[in-house]
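One structure is given here, and the rest of the page talks about it.
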Amino acid sequence: MQSHIKLHLAPAEPLTLDALLLISSLPLKMAEARRIITDDGYLLIQSINHYIAHIELFEYNLIRDSKIDFVIERPSFFMQIVLGKNTCCMSYKPAGKYRRILPAGNDQVLLISFQTEWLSKKCHKLTEFKPFNEIFGTARYAAVNLPPFGIARNIFKSLKSLNLKTNEFNIDADVHVFVNKCFNKYYHKLSARNATSCYHQHKAQAIAAFIEENFATELVDDLPKLAQRFMVSERSMARLAKIAFGTPLREKVIDIRMCSSLEQLVTTNYPIYEIAKRSGYKEGHYFSKAFRKHYGVAPKYILRPHRRSACKLQG
């Protein structure tokens with residue numbers, strides 16, 4: 001499988017393994033190597049062709065940030081592993097022209113271009129890869145990026161192990177195992193992330209139901225007790241409440257109390273001090289102050305049912 005990426009750079013100089021050993025921190029004995037020299041430094045590219053993926057190791061040393069223009073010749077699915085940032089992500093890119101900024105300094109980037117049919121079989125029935133599964137067999141042109149995870153160092157460690165043990169007789173099998181291992185490492189991280197997200201959503205829903213049912217009690221004003229009730233830290237409690245409501249917990253409690261008090265004001269004849277208690281305020285004074293701040297008018301000026309009746313009689 002050949003690379004789908006063409007770089008717009010100076011001509012590449014082929015390198016022998018002996019030459020590569022002198023300049024690369026990770027010379028791959030099974031790869032084809034070439035070097036590109038620019039005014040800003042150099043870029044080493046080591047390539048391994050395999051029937052399920054094309055693997056390219058980019059190793060660069062630059063004195064300043066550099067723009068790299070390249071063309072993706074046909075729609076492709078990639079795994080990009082950046083050693084310096086310890087990040088690994090998977091993405092789909094349609095054919096087209098692209099540009100990337102390589103930061104000054106030195107780093108290694110591993111790029112795995114998957115064979116589409118092989119990846120389709122791997123992703124089939126895996127709900128975590130739903131964005132990819134929606135692309136297979138279609139003419140979709142929008143790019144798709146799955147989330148990054150901190151597994152780059154682990155993958156580079158596997159690459160070094162592959163480089164040490166493989167030889168020309170078992171390279172196909174070993175590279176197949178390596179590519180599968182990379183995919184599986186990413187899948188397990190993605191699956192764990194989605195499971196955590198699902199757990200947080202369920203927890204957030206439980207918190208939302210509790211707050212809406214108990215908004216008039218003192219408990220909703222006590223973050224430590226709330227956190228203890230739901231068996232999470234105070235920080236997690238605040239974060240889960242933000243997931244549940246889209247706003248900080250305190251703001252949501254005030255909003256619910258104000259909505260309840262306004263409804264009671266316009267539909268009942270309870271005295272204001274009674275409505276204050278039913279809305280979670282011990283003192284009518286504090287309730288009136290909060291109501292005025294929220295609605296811009298004091299509760300006593302809200303037209304009550306008995307007033308509306310009196311107005312009708314007078315009319």
Side-chain angles (χ1 to χ4, degrees), residues 1-7 12 14-35 43-60 72-74 76-93 106-126 128-129 132 136 146 148-192:
M1 178 182 174
Q2 296 294 322
S3 173
H4 299 166
I5 297 179
K6 299 298 180 184
L7 299 176
L15 294 175
T16 64
L17 180 58
D18 288 338
L20 188 65
L21 289 168
L22 297 175
I23 58 177
S24 174
S25 60
L26 182 50
L28 303 177
K29 60 186 178 183
M30 76 291 284
E32 294 182 2
R34 59 195 192 277
R35 175 173 60 179
L43 173 67
L44 299 178
I45 306 172
Q46 301 181 65
S47 305
I48 302 173
N49 281 318
H50 194 269
Y51 57 88
I52 65 170
H54 182 81
I55 301 171
E56 290 181 295
L57 175 60
F58 298 88
E59 185 175 358
Y60 63 85
I72 296 180
E73 297 185 317
R74 51 181 167 170
S76 303
F77 295 86
F78 300 102
M79 177 178 284
Q80 179 178 283
I81 306 103
V82 182
L83 182 60
K85 294 182 178 179
N86 190 34
T87 59
C88 171
C89 66
M90 290 185 66
S91 62
Y92 163 80
K93 294 287 190 294
N106 57 78
D107 203 352
Q108 293 175 308
V109 179
L110 185 64
L111 191 66
I112 302 175
S113 307
F114 297 102
Q115 199 272 341
T116 303
E117 184 178 349
W118 177 86
L119 186 65
S120 176
K121 291 179 180 178
K122 291 288 290 185
C123 293
H124 184 56
K125 295 183 179 179
L126 298 178
E128 292 81 4
F129 286 97
F132 280 4
F136 296 128
L146 298 183
F149 298 105
I151 56 175
R153 296 190 187 99
N154 194 289
I155 289 178
F156 267 84
K157 184 177 179 180
S158 296
L159 180 62
K160 290 177 181 179
S161 297
L162 168 69
N163 192 46
L164 288 173
K165 74 174 185 177
T166 196
N167 57 54
E168 59 180 319
F169 299 108
N170 59 11
I171 183 172
D172 279 351
D174 288 345
V175 171
H176 193 289
V177 170
F178 170 73
V179 173
N180 265 287
K181 187 180 292 186
C182 292
F183 177 88
N184 290 337
K185 287 180 187 295
Y186 184 86
Y187 166 69
H188 289 314
K189 286 291 184 180
L190 184 62
S191 178

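Proximity of L15 to L44: side-chain heavy atoms (C-beta onward) are separated by under 4.5 Å at one or more points.
Remark: L28 CG to Q46 CD distance equals 4.0 Å, nearest 0.5 Å. Residue E128 holds its CD atom at 10.5 Å from NE2 of H188, rounded to the nearest 0.5 Å. Between N163 atom CG and S158 atom OG the span is 12.5 Å, to the nearest 0.5 Å. Interatomic distance, F114 CZ to H50 NE2, rounded to the nearest 0.5 Å: 12.5 Å. Within the model, atoms CG of L146 and OH of Y186 stand 4.5 Å from one another, a figure rounded to the nearest 0.5 Å. The line from CD1 of I112 to CG of L57 is 10.5 Å long, rounded to the nearest 0.5 Å.
At a cut-off of 3.5 Å, with distance as the only test, no side-chain donor of Q80 or S91 sits close to an acceptor on the other residue.
Classified by interplanar angle (parallel below 30°, tilted 30° to 60°, perpendicular above 60°), the ring pair F132/F77 is perpendicular.
Taking S47 as the reference, R34 meet the side-chain hydrogen bond (donor to acceptor under 3.5 Å, both in side chains) condition, with sequence neighbours excluded.
Screening residues 170-183 for side chain to side chain donor-acceptor pair (under 3.5 Å), with sequence neighbours left out, gives K122-N180, T166-N170, T166-D174, N170-D174, H176-N180.
A pairwise comparison of heavy atoms in F136 and C123 identifies CE1-CB, 4.0 Å as the closest pair.
Checked against the 6.0 Å centroid criterion, the rings of F129 and F183 qualify as a close aromatic pair.
Atom NZ of K29 is surrounded by more than 12 heavy atoms from other residues, nucleotides or ligands within 6.0 Å.
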